[in-house]
Amino acid sequence: MTVRTRFAPSPTGYLHVGGARTALFSWLYARKHGGKFVLRIEDTDLERSTAESVNAILEGMTWLGLEYDEGPFYQTKRFDRYHEVIEALLSKGLAYRCNCSRERLDDLREAAMKRKEKPRYDGHCRNHDVSPDEPHVIRFRNPDTGVVVVDDLIRGRVSFNNEELDDLIIRRTDGSPTYNLTVVVDDLDMQISHVIRGDDHLNNTPRQINILKALNAEPPKYGHVPMILGDDGARLSKRHGAVSVMQYREDGYLPEALLNYLVRLGWSHGDQEIFSIDEMIELFDIDGVNKAASSFNTDKLLWLNQHYIKQDDAKRIAHLLSPHMGDLGIDPAEGPDLTKVAEAHQERARTLVEMAEMSAFCYQDYDEFEEKAAKKHLRGVAREPLERMREALSALEDWQEEALHGVVEQVSEALELKMGKVAQPLRVAVVGRAASPGIDTTLYLVGKEACLRRIDKALDYITQREAAAG
RNA sequence: GCUCCCUUCGUCUAGUGGUUAGGACGCUGGCCUCUCACGCCGGUAACAGGGGUUCGAGUCCCCUAGGGAGUACCA
């Protein structure tokens with residue numbers, strides 16, 4: 001059997017991490033088995049579906065590299081087909097028209113609740129003749145007895161009594177088909193072999209299987225993946241920060257880091273933490289997916305992101321870093337080679353946004369010294385080392401790291417100081433704060449002119465400070 | 001309320017009747033060191049509770065508790 005999986009979001013918002021993980025699992029499963037991955041847009045809710053959401057979802061999938069082999073298919077373009085199926089069901093007596101009023105339905109629900117029973121439609125219109133000309137919905141005639149067994153790829157065997165299920169609406173009064181009908185028809189028509197989706201659909205599965213049976217069709221295999229909770233264990237929502245996949249790009253995450261994080265959330269392969277895309281495809285297995293919901297942990301994502309930043313080619317990092325520099329009002333063309341800057345910060349930044357912030361000093365002068373750093377390092381004792389450094393640097397022709405390192409060393413030796421006593425004040429002078437890449441690299445990136453200018457500024461600062469102290 | 005699902009360190013997880021319950025993130029002690037970071041070595045911390053089954057239960061069964069989903073003319 002050819003494996004065919006699908007991702008079927010409803011376009012009522014952006015692509016969030018939960019959806020992205022479901023899509024990833026589906027995609028991996030198809031890729032692993034040499035199958036096809038289909039994208040279907042479930043936009044039958046005309047009220048809430050928007051074109052912007054479709055674009056946002058497509059954009060998110062593209063960024064993550066979850067390319068689809070077929071689609072996107074839009075359900076709104078398949079209404080004729082749904083109606084054809086509904087008519088067939090109707091003519092076989094497997095579905096019927098219902099004109100029960102909302103009031104009656106509400107009363108029914110209320111009464112059932114009062115009796116401590118599960119609210120369900122009572123089949124009132126099953127044997128009534130409702131004219132096609134009057135306003136009506138169409139309901140699927142669900143079997144009254146027996147059990148529906150779902151052999152879930154993740155949950156194992158789950159069974160439901162048909163008595164618990166009622167005659168669900170498959171076509172609304174306005175003539176539009178509803179979800180449970182459209183998924184069934186689509187999964188069937190698109191020959192989906194494995195339905196991998198969120199576990200909020202587990203309860204819908206028996207209804208869908210019943211419709212499938214009515215259509216004389218073989219149900220696909222189902223795998224219901226648990227949901228993702230926020231850092232605090234509560235349901236993932238906007239207040240947890242970035243839930244939109246695209247927000248992670250904005251926040252400076254690498255797609256491979258997010259993917260790696262997501263694949264390990266609810267799935268594992270022994271003790272392995274790092275997975276390349278190829279490894280994921282090779283090792284992923286749907287029955288290795290956990291049954292329990294898991295909490296999103298930003299710290300671990302950060303760790304993975306740093307891992308990939310460290311590991312990746314500096315040129316690519318620079319390429320991805322560039323727009324974040326732009327966000328800070330910096331044009332990387334006006335300054336040191338961005339690749340070199342990125343390389344110097346690869347082991348220091350957890351995100352590209354952090355990298356941009358810590359790299360800014362290479363392109364623009366800082367406004368003020370960081371207070372703590374200045375207080376500690378720009379003191380009277382730093383004056384001489386800074387003056388000596390200024391002198392030596394201004395005389396230096398060969399502005400390369402090796403030579404720069406030599407200069408710092410020579411000055412330290414000449415003053416009989418440990419390197420730190422020279423490098424730290426120098427660093428604060430040149431960077432404005434106490435942390436940066438190696439002092440030689442730092443000097444190199446800032447450039448001669450700016451270095452001298454900033455050292456002067458530091459010397460002024462020391463002078464002022466001494467004057468203030470009296 | 002009813003139906004269905006879930007429950008190992010704070011978090012992600014390994015574990016498929018016999019383990020000193022392992023790894024990772026985080027936190028933390030140390031080493032390295034011109035700072036920060038990286039890296040390396042060490043530490044902290046878990047089987048929700050109660051009954052069974054068994055020579056032996058994190059692993060099997062039942063109950064309780066706690067979470068979650070569904071219960072729509074949403075998907």
For the residue pair [Y] / [X], report whether a side-chain donor-acceptor contact shorter than 3.5 Å exists.
X	Y	value
A/R78	A/Q75	no
A/R197	A/T205	yes
A/D43	A/T76	yes
A/N142	A/N210	yes
A/H224	A/D152	yes
A/Y261	A/N297	no

Spacing of [X] atom [atom1] relative to [N] atom [atom2], expressed in whole Å:
X	N	atom1	atom2	answer
A/K375	B/U35	NZ	P	22 Å
A/M358	B/U35	CE	P	17 Å
A/L229	B/A69	CG	C1'	12 Å
A/H201	B/G70	NE2	P	9 Å
A/N204	B/A69	CG	P	14 Å
A/N142	B/U3	CG	P	17 Å
A/I228	B/G68	CD1	C1'	14 Å
A/L165	B/U3	CG	P	13 Å

request  = Output the residues of residues 37-55 of chain A in contact with RNA chain B, where contact means a heavy atom of the residue under 4.0 Å from an atom of the strand; sort by number or write none.
outcome  =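 Only A/E42, A/T44, A/D45, A/R48 qualify.
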
With rounding to the closest Å, how many angstrom separate the [atom1] atoms on [N] and [M]?
N	M	atom1	value
B/G58	B/U20	C1'	15 Å
B/U59	B/U8	P	12 Å
B/A57	B/A21	P	14 Å
B/U28	B/C60	P	38 Å
B/A75	B/G70	C1'	13 Å
B/G39	B/G22	C1'	23 Å
B/U64	B/C6	C1'	16 Å
B/G49	B/G66	P	15 Å

Partner lookup for [N], please. Criteria are Watson-Crick or G-U wobble with both distances under 3.5 angstrom; report none if nothing qualifies.
N	result
B/U7	B/A65
B/U59	none
B/G70	B/C2
B/U19	none
B/C31	B/G39

Student check: side-chain heavy atoms of [X] and [Y] closer than 4.5 Å:
X	Y	result
A/T351	A/D251	no
A/S412	A/E409	no
A/I169	A/N180	no

query = Mind checking whether A/F25 and A/F284 have ring centres under 6.0 Å apart?
reply =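 Between A/F284 and A/F25, which both carry aromatic rings, the centre distance is below 6.0 Å.
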
key: RNA chain B: 5'-proximal contact among A/I169 and A/A349 (nearest heavy atom)   =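 Nearer the 5' end of the strand: A/A349.
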
message = Go nucleotide by nucleotide along RNA chain B from the 5' end; which of A/R348 and A/D200 gets its closest nucleotide reached first?
response =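 Closer to the 5' end of RNA chain B: A/R348.
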
query = Out of B/A75, B/G1, B/A69, which nucleotide sits closest to the side chain of A/M227?
reply =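 Shortest atom-to-atom distance from the side chain points to B/A69.
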
Give me, pair by pair, the N or O atoms of the protein and of nucleotides 39-46 of chain B that are less than 3.5 Å apart, along with how far apart they are.
unit_1	atom_1	unit_2	atom_2	d
B/G39	OP1	A/K310	NZ	2.9

Look only at the side chain of [X] and the backbone of [Y], and say whether a donor-acceptor pair between them is shorter than 3.5 Å.
X	Y	answer
A/N305	A/R350	yes
A/S53	A/Y14	no
A/Q306	A/L302	no

Derivation of the salt bridge (Lys or Arg N to Asp or Glu O under 4.0 Å) call for A/D199 and A/K291 = CA-CA 9 Å; A/D199 72 356; A/K291 295 176 182 181; over 6 Å; no

request  = Would you give the length of the straight line joining atom CG of A/L320 to atom OH of A/Y253, rounded to the nearest 0.5 angstrom?
outcome  =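 So the CG of A/L320 and the OH of A/Y253 are separated by 15.0 Å.
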
Result block: side-chain N/O donor-acceptor pairs under 3.5 angstrom for residues 373-386 of chain A, not counting sequence neighbours:
unit_1	atom_1	unit_2	atom_2	d
A/R379	NE	A/K376	O	3.2
A/R383	NH2	A/T463	OG1	3.0
A/R383	NH2	A/E466	OE1	3.2

query = Hey, mind stepping through A/L328 and A/Y363 against side-chain contact (heavy atoms from CB on, under 4.5 Å) and telling me if it holds?
reply = CA-CA 11 Å; A/L328 296 180; A/Y363 298 90; over 6 Å; no

Anything under 3.5 Å between a protein N or O and an N or O of nucleotides 4-13 of chain B, put it in a table, one pair a line.
unit_1	atom_1	unit_2	atom_2	d
B/C5	O2'	A/R155	NH1	2.1
B/C12	OP1	A/S295	N	2.8
B/C12	O2'	A/R264	O	2.9
B/C12	O2	A/K300	NZ	3.4
B/U13	OP1	A/G266	N	2.2
B/U13	OP1	A/S294	OG	3.4
B/U13	O3'	A/S268	OG	3.0

ask   = Hey, does A/E164 reach any base, or is it just sugar-phosphate, or nothing, if we go heavy atoms under 4.0 Å?
value =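 Answer is sugar-phosphate: A/E164 comes under 4.0 Å of backbone atoms only.
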
message = Regarding A/R102, tell me which of base, sugar-phosphate or nothing describes its non-hydrogen contacts under 4.0 Å with the strands shown.
response =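 Base contact - A/R102 has a heavy atom under 4.0 Å of at least one base atom.
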
Quick test: give all pairs of protein nitrogen or oxygen and nucleotides 31-34 of chain B nitrogen or oxygen below 3.5 Å, distance rounded to 0.1 Å.
unit_1	atom_1	unit_2	atom_2	d
B/C34	O2	A/R427	NH1	3.1
B/C34	O2	A/R427	NH2	3.0
B/C34	N3	A/I439	N	3.2

task = May I ask you to say whether A/R109 pairs ionically with A/D106, meaning some side-chain N is under 4.0 Å from a carboxylate O?
result =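 Salt bridge present between A/R109 and A/D106.
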
inquiry  = Among A/R141, A/R207, A/R126, which residue satisfies the side chain to side chain donor-acceptor pair (under 3.5 Å) criterion with A/D167?
reply    =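 Single side chain to side chain donor-acceptor pair (under 3.5 Å) partner of A/D167 among A/R141, A/R207, A/R126: A/R126.
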
query = Counting only side-chain N and O atoms of A/Q306, is one of them less than 4.0 Å from OP1 or OP2 of B/C38?
reply =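 Yes, A/Q306 has a side-chain N/O under 4.0 Å of OP1/OP2 on B/C38.
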
query = With distance as the sole criterion, do the side chain of A/T173 and the base of B/C73 form a donor-acceptor contact below 3.5 Å?
reply =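 Between B/C73 and A/T173, which were checked side chain against base, a qualifying N/O pair under 3.5 Å is present.
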
Anything under 3.5 Å between a protein N or O and an N or O of nucleotides 57-65 of chain B, put it in a table, one pair a line.
none

